[in-house]
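Worksheet for the structure shown next.
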Amino acid sequence: MSPYALSIIMSSLATGTMLTLASNHWFMAWMGLELNTLAIIPLMTKTHHPRATEAATKYFLMQALASAMILFSSTMNAWFMGEWEITNMSHPISTTILTIGLAMKLGIAPFHMWLPDVLQGLNLLTCLILSTWQKIAPMILMIQIYPQLNTNLLIVMAILSTTIGGWGGLNQTQLRKIMAYSSIAHLGWMTLVLCFMPSLSLLNLAVYMTMTTVMFLMFMNMMSTTINKMAMSWLKNPVMAASMMIVLMSLGGLPPTTGFMPKWLIIQEMTKQNLIAITTIIALSSLLSLFFYLRMSYSISLTTSPNISNTFSIWRQNNKNQMFLSMTIILSTLMLPITPTLINILN
């Protein structure tokens, strides 16, 4: 792909998200979502392979259906209420349709089936964009309309997402599918607390995006797409392999890493809302995700590949992005001590 085309595509991605974030009218927000969808499809088909074409087709069909539901729900709300403003989504039927449409865009269960297959057919850079940047606009729309959302529907989708996200990743060996199920599980945590404390959903989204960015950058640096290839990372680059283990623990939510912070605050908030049973189910289902993170850590640290490559060759060849990667590793692992400050900000 030529640099000019790539710059136009990346600018369109940024413009679509910013247009959705800055708009107060449903039609402008829908236009931003459509611009996002149309901009990422050329990135998906950049590698001329049947898997990439299949992934782009599935993604386009699902996003088109979700966009049609969003436009239909906003038009229905304008017909009944006479309002096109995002914050005045008052009609219950249109709000339910809108919630389903946004859940399809994000990949929240039970509308998640497209996400693992689509990520598996893409290269790691496009997977990074799809797993992080493409989540911003739909999630911000859900946060903007959270007072009108159906709490019971969101709780059901949250329980399904955390359970399916943990259960589906157990038998996977492809890293892109594992990260897809990890995304589904994290979206379940964001959806759970959305109606009660939307600022916590925003915090969880920021932490998730940081940790996922770090993981995909490490995968690209180590050229790993399967667990077997990741098992060789200790011989290629011991420092990167050790950092990958810590970030995996952070994704699993183990203290004292950064990933423990949003789960801790969400469990605390749900306990204040007297939703003890739901909180227990969500916390137990996160153990499923923790299992496959631990399995990935085991394959990195406790298995030795019969490869005798030069240990530090890749580290010396790929040091131009090490500063950014080091900063993101710090953000994804060592931010737990600032939790009291974040609590004061969120309250």
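Keep in mind it's a predicted model, so treat the numbers as computed, not measured.
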>> As a test of understanding, state which of Met142, His112, Met190, Gln134 forms a side-chain contact (heavy atoms from CB on, under 4.5 Å) with Leu106.
In response: Met142

> Of Met89, Glu85, Glu83, which is the lone residue that meets side-chain contact (heavy atoms from CB on, under 4.5 Å) with Trp26?
Replying inline: Met89

Does [X] belong to the same Ile/Leu/Val/Met/Phe/Trp/Tyr cluster as [Y], with side-chain heavy atoms less than 4.5 Å apart forming each link?
{"X": "Ile164", "Y": "Met157", "value": "no"}
{"X": "Met113", "Y": "Val156", "value": "no"}
{"X": "Ile267", "Y": "Leu290", "value": "yes"}

Decide if atom [atom1] of [X] counts as having more than 12 heavy atoms of other residues, nucleotides or ligands within a radius under 6.0 Å.
{"X": "Phe196", "atom1": "CZ", "value": "yes"}
{"X": "Ile93", "atom1": "CD1", "value": "no"}
{"X": "Trp84", "atom1": "CH2", "value": "yes"}

>> If you apply the rule side chain to side chain contact (heavy atoms under 4.5 Å, CB included), what do you find for Leu141 with Ile70, and how did you get there?
In response: CA-CA 11 Å; Leu141 285 177; Ile70 293 170; 5.7 Å; no

ring-ring contact (aromatic ring centres under 6.0 Å, His included) with [X]: which residues, sequence neighbours excluded?
{"X": "Tyr181", "result": "none"}
{"X": "Tyr298", "result": "none"}
{"X": "His49", "result": "none"}

> Relative to each other, are the rings of Tyr293 and His186 parallel, tilted or perpendicular (30° and 60° limits)?
Replying inline: tilted

Quick check: does any side chain N or O of [X] sit under 3.5 Å from a backbone N or O of [Y], one acting as donor and the other as acceptor?
{"X": "Thr212", "Y": "Met209", "value": "no"}
{"X": "Thr162", "Y": "Ile159", "value": "yes"}
{"X": "Thr37", "Y": "Leu33", "value": "yes"}
{"X": "Trp133", "Y": "Leu13", "value": "yes"}
{"X": "Trp30", "Y": "Ser67", "value": "yes"}
{"X": "Asn88", "Y": "Gly82", "value": "no"}
{"X": "Ser183", "Y": "Met179", "value": "no"}
{"X": "Ser250", "Y": "Gly259", "value": "yes"}

Contact check, side chains of [X] and [Y], non-hydrogen atoms, under 4.5 Å:
{"X": "Met230", "Y": "Met222", "answer": "no"}
{"X": "Ile40", "Y": "Ile9", "answer": "no"}
{"X": "Leu284", "Y": "Leu287", "answer": "yes"}
{"X": "Met139", "Y": "Tyr208", "answer": "no"}
{"X": "Arg295", "Y": "Ile227", "answer": "yes"}
{"X": "Ser131", "Y": "Phe216", "answer": "yes"}
{"X": "Leu115", "Y": "Met62", "answer": "no"}

> When you look at Thr20 and Ile140, which way does the side chain to side chain contact (heavy atoms under 4.5 Å, CB included) test go after all the steps?
Replying inline: CA-CA 9 Å; Thr20 303; Ile140 294 299; over 6 Å; no

> Under the side-chain hydrogen bond (donor to acceptor under 3.5 Å, both in side chains) rule, what pairs show up with a residue in residues 255-268, not counting sequence neighbours?
Replying inline: none

> How far apart are the C-alpha atoms of Met215 and Leu248, what are their side-chain angles, what is the distance that settles it, and do they pass the side chain to side chain contact (heavy atoms under 4.5 Å, CB included) test?
Replying inline: CA-CA 8 Å; Met215 284 308 302; Leu248 283 170; 3.8 Å; yes

> Looking at CH2 of Trp114 and CD of Gln63, how far apart are the two atoms once the value is rounded to the nearest 0.5 Å?
Replying inline: 5.0 Å

> Rounded to the nearest 0.5 Å, what separation is found between the CG atom of Leu65 and the CZ atom of Phe111?
Replying inline: 10.0 Å

> Can you name the closest pair of heavy atoms from Ser224 and Leu124 and give their distance?
Replying inline: O-CD1, 3.8 Å

> How far apart are the closest heavy atoms of Cys195 and Leu149, and which atoms are they?
Replying inline: SG-CB, 4.1 Å

>> Quiz question: by atom type and distance under 3.5 Å, do the side chains of Thr95 and Asn150 form a donor-acceptor pair?
In response: no

>> One pair to check against side chain to side chain contact (heavy atoms under 4.5 Å, CB included): Thr191 and Ser161. What are the steps and the verdict?
In response: CA-CA 9 Å; Thr191 309; Ser161 296; 5.6 Å; no

> salt bridge (charged side-chain N to carboxylate O under 4.0 Å, His left out): which pairs involve residues 134-148, sequence neighbours left out?
Replying inline: none

> Which pairs with one or both residues in residues 51-68 pass salt bridge (charged side-chain N to carboxylate O under 4.0 Å, His left out), sequence neighbours excluded?
Replying inline: Glu54-Lys58, Lys58-Asp117

